[in-house]
Amino acid sequence: MWNSAILMRSKRIWQNPSYQRLAIALVLSLLLHLFLIGKFYFEFPDLTENRQLIEAQLVLRKPELPKIQLQPTLPKPAFAPVKAQPVVKNTDAVEPEPHTPDVPVLLAPTELSPPQPTETVETINQVNPSDEEPAVESMPEEPSITINPNAYQYVETTFDVRTDIEASVDSNAPGKAKIVYELLPNGEEYQLKSLMEAKGLAALVIPDLLQTSQGFLSSTGLQPKHYLYQFGNNKNKTFSADFDWEQKQLNLHSEKGDHELALVDDTQDLLSFMYQFMFVPPLRNMQLSITNGKKLGIYDYSFEGEETIATNMGNLLTIHLWRVGDKGDEKTELWLALDYQYVPVKIRKTEKDGRVYEMLITSLKTEKPVN
């Protein structure tokens, strides 16, 4: 009777939904604790709405590591880069421009060998021969310098010498000069002589300035052999230079002694360079190696433009050139006559101390070679 009452009471309690949920929570809590300990694994049977009892089977198993599921392999894109065998470069082919990294390279529909699993090589896009750029023609070699075959064989020029460059052409000049160029009868050698003299009372105190140049007429124009610069009888202002073209050696002589320098091709002296333009026109070579008997220097010439100058011979159309020596050396300016084979018709020199000497043509005598 007692047991029957207890059973009936227990049945009523169990049928209470609140107690059912409490019982389920206790069972789940127990299972969760056992799972965290890591020694047990639980399997639950399927639950239905009409089932009131829950049966739990406790299964003792060894813990297993969770299985790692690999991500599914993505399908390859429709246009994937293809590794091709090395292609021999064609020297006439045009190199492709670098492509954008995130854009796959589309190869031309040509036959390709199977991809090689070996080292990666750079793929070279083939170029259709019809699309090739025309071959670049090699630049023609610059023609060798040909000297003027009709250069004068004789030039005699007289000048007025002034220190006041603003003076009128008709004014009385304190000095005079004469330059004579002559090609000797053998047609192979030349000689140049320049003499500058003071006039009047000035001649008593100002010595003459003499310059001479002798040499050969070569395939490049004048080739000096000996040069002399002599200012009066003052040995300290006398200099000379000897050109040894075979040994490529320049020998300079002065009162202080002699010394040797390497001779640069096409070197001119202070007198011959002014008449070299008669054989090789200006603007063909605006850098010259020149010696004044004391030293050898490389001088760059600047083109100032064309100028018409007034002279006793009338107006002359000229090309104006000038150069400045290194280390503040003297400045030399030339006006070359366009109508007279670039013969110098005006020469101006500015010394280190600022003194200026200007030679302006008064007369010109020329002779052309006999054909």
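Basis for what follows: all heavy atoms, side chains included, without hydrogens, waters or symmetry-related copies.
- In the model, D300 has a side-chain atom that pairs as donor or acceptor with a side-chain atom of Q287 under 3.5 Å.
- Taken from CG in L228 to CG in L192, the straight-line distance is 13.0 Å, to the nearest 0.5 Å.
- Between F277 and F273, the angle of the ring planes goes over 60°, which puts this pair in the perpendicular group of the 30/60° scheme.
- Atoms CG and OG1, on L288 and T267 in that order, are 9.5 Å from each other to the nearest 0.5 Å.
- The shortest non-hydrogen separation linking F243 to T291 is CZ-CG2, 3.6 Å.
- For R348, the salt bridge (Lys or Arg N to Asp or Glu O under 4.0 Å) partners are E333, E358, not counting sequence neighbours.
- Under the 4.5 Å side-chain heavy-atom criterion for grouping Ile, Leu, Val, Met, Phe, Trp and Tyr, F216 is not connected to Y275 through any hydrophobic cluster.
- Annotation: the span from K178 atom NZ to M359 atom CE amounts to 12.5 Å, rounded to 0.5 Å.
- In this structure a side-chain-to-backbone donor-acceptor pair under 3.5 Å is present from S218 to T220.
- With sequence neighbours left out, the salt bridge (Lys or Arg N to Asp or Glu O under 4.0 Å) criterion links D160 to R162.
- Annotation: side chain of E156 is not in contact with side chain of L364 (no heavy-atom distance under 4.5 Å).
- Contact of the V155 side chain with the K365 side chain is not registered, since no non-hydrogen atoms from C-beta on lie closer than 4.5 Å.
- Inter-residue side-chain proximity for Y299 and I290 is flagged as met; some heavy-atom pair is nearer than 4.5 Å.
- With a 4.5 Å cut-off between side-chain heavy atoms of Ile, Leu, Val, Met, Phe, Trp and Tyr, the cluster of Y154 takes in V180.
- The environment of CG in L201 is sparse: at most 12 heavy-atom neighbours from other residues, nucleotides or ligands sit within 6.0 Å.
- The structure places CD of E306 at 13.0 Å from CD of E304, a figure rounded to the nearest 0.5 Å.
- The CG atom of L271 sits 10.0 Å away from atom CD of Q268, with the distance rounded to the nearest 0.5 Å.
- Counting only heavy atoms from C-beta outward, the side chains of E197 and I206 never approach each other to under 4.5 Å.
- Nearest heavy-atom pair, A151 versus F279, reported as atom, atom and distance to 0.1 Å: CB-CE2, 3.5 Å.
- Within 6.0 Å of NZ on K368 lie no more than 12 heavy atoms contributed by other residues, nucleotides or ligands.
- Tested against V356, the residues T350, D164, T163 include a single side-chain contact (heavy atoms from CB on, under 4.5 Å) partner, T350.
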Output a table of donor-acceptor pairs, distance under 3.5 Å, between side-chain atoms of residues 182-190 and any protein atom two or more places apart or on a different chain; print 'none' if there are none.
residue: E182; atom: OE1; partner: Q191; partner atom: NE2; Å: 3.3
residue: N186; atom: OD1; partner: E188; partner atom: N; Å: 2.9
residue: N186; atom: OD1; partner: E189; partner atom: N; Å: 3.2
residue: N186; atom: ND2; partner: E189; partner atom: OE2; Å: 2.9
residue: Y190; atom: OH; partner: S213; partner atom: OG; Å: 2.9

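- Side-chain heavy atoms closer than 4.5 Å link hydrophobic residues (I, L, V, M, F, W, Y) into clusters, and following such links, possibly through other members, connects I309 to L321.
- In this structure, V264 is a member of the same hydrophobic cluster as L252, with clusters built from ILVMFWY side-chain heavy atoms closer than 4.5 Å.
- Closest of all the heavy-atom pairs between S363 and I361 is O-CG1, 3.5 Å.
- If you check the side chains of Q249 and N251, you find a donor sitting under 3.5 Å from an acceptor.
- Smallest separation of non-hydrogen atoms from P282 and I319: CG-CD1, 4.3 Å.
- Geometric assessment of K349 against the ring of Y357 yields a negative cation-pi assignment under the 6.0 Å and 45° thresholds.
- With a 4.5 Å cut-off on side-chain heavy atoms, T332 and W322 do not count as touching.
- Hydrophobic clustering keeps L360 apart from L195 (ILVMFWY residues linked when any side-chain heavy atoms are closer than 4.5 Å, directly or through intermediates).
- Atom CG of D258 has more than 12 neighbouring heavy atoms from other residues, nucleotides or ligands inside a 6.0 Å radius.
- The backbone N or O of I179 sits nowhere less than 3.5 Å from a side-chain atom of Q211 that would complete a donor-acceptor pair.
- Smallest separation of non-hydrogen atoms from A198 and D208: N-OD1, 4.5 Å.
- The distance from the CZ atom of F239 to the CG atom of N292 is 7.5 Å, given to the nearest 0.5 Å.
- Residues W245 and L296 share a single hydrophobic cluster, defined by chaining ILVMFWY side chains whose heavy atoms lie under 4.5 Å apart.
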* To do: Starting from the C-alpha separation in whole Å, work towards a yes-or-no answer on side chain to side chain contact (heavy atoms under 4.5 Å, CB included) for L222 and L217.
  => CA-CA 5 Å; L222 299 182; L217 181 60; 4.2 Å; yes

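- Contacts of K225 classified as salt bridge (Lys or Arg N to Asp or Glu O under 4.0 Å), with partners at least two apart in sequence or in another chain: none.
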Output side-chain donor-acceptor pairs under 3.5 Å for residues 334-346, partner residues at least two apart or in another chain, one line each.
residue: W335; atom: NE1; partner: E307; partner atom: OE1; Å: 3.0
residue: Q341; atom: OE1; partner: N148; partner atom: ND2; Å: 3.0
residue: Q341; atom: OE1; partner: Y152; partner atom: N; Å: 3.4
residue: Q341; atom: NE2; partner: N150; partner atom: O; Å: 3.0

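- Counting only distance, with no hydrogens or angles, the side chain of T362 and the backbone of T158 share a donor-acceptor pair below 3.5 Å.
- You'll find the side chain of Y229 reaches within 4.5 Å of the side chain of L209, heavy atoms only.
- Between T311 and V169 the shortest heavy-atom distance is C-CG1, 3.8 Å.
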